[in-house]
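As the structure is a computational prediction, the values presented were derived from the model and not from experiment.
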Amino acid sequence: MTILKPSETAALERAADAPMLAQVERWAAVNSGTGNLAGLKTVAGLLADAFSARGLSGL
C-alpha cells in the first residue's frame, strides 16, 4: 500500500466534495476497453447526455 503525501490527501478530499465526482465514477465504471463496441457506445451516450444537458452540445 502506498502512503499518500499530505498534498495528495488534500486533493482527494477536495475531489470527494466535487459534484461531478459521482458522474465521472459512473463513466469510469463502464467497460469501454479497446474492441468493446457496446461499452464505447454506452460511454458515448452518457457523455453526450451529460454535455448536452449543460448546453455544451456543438463543441
Item to check | Co-membership, hydrophobic cluster, residues L47 and L37, 4.5 Å side-chain | outcome: no
Item to check | Selection residues 29-42 - residue pairs positive for side-chain hydrogen bond (donor to acceptor under 3.5 Å, both in side chains), sequence neighbours left out | outcome: N31-N36
Acceptor/donor pairs from residues 7-14 side chains to any protein atom, 3.5 angstrom cut, sequence neighbours excluded:
{"unit_1": "E8", "atom_1": "OE1", "unit_2": "K5", "atom_2": "N", "d": "2.8"}
{"unit_1": "T9", "atom_1": "OG1", "unit_2": "K5", "atom_2": "O", "d": "3.3"}

Checklist entry - Is there a path from W27 to L21 through hydrophobic residues (I, L, V, M, F, W, Y) whose side chains come within less than 4.5 Å of each other? => result no
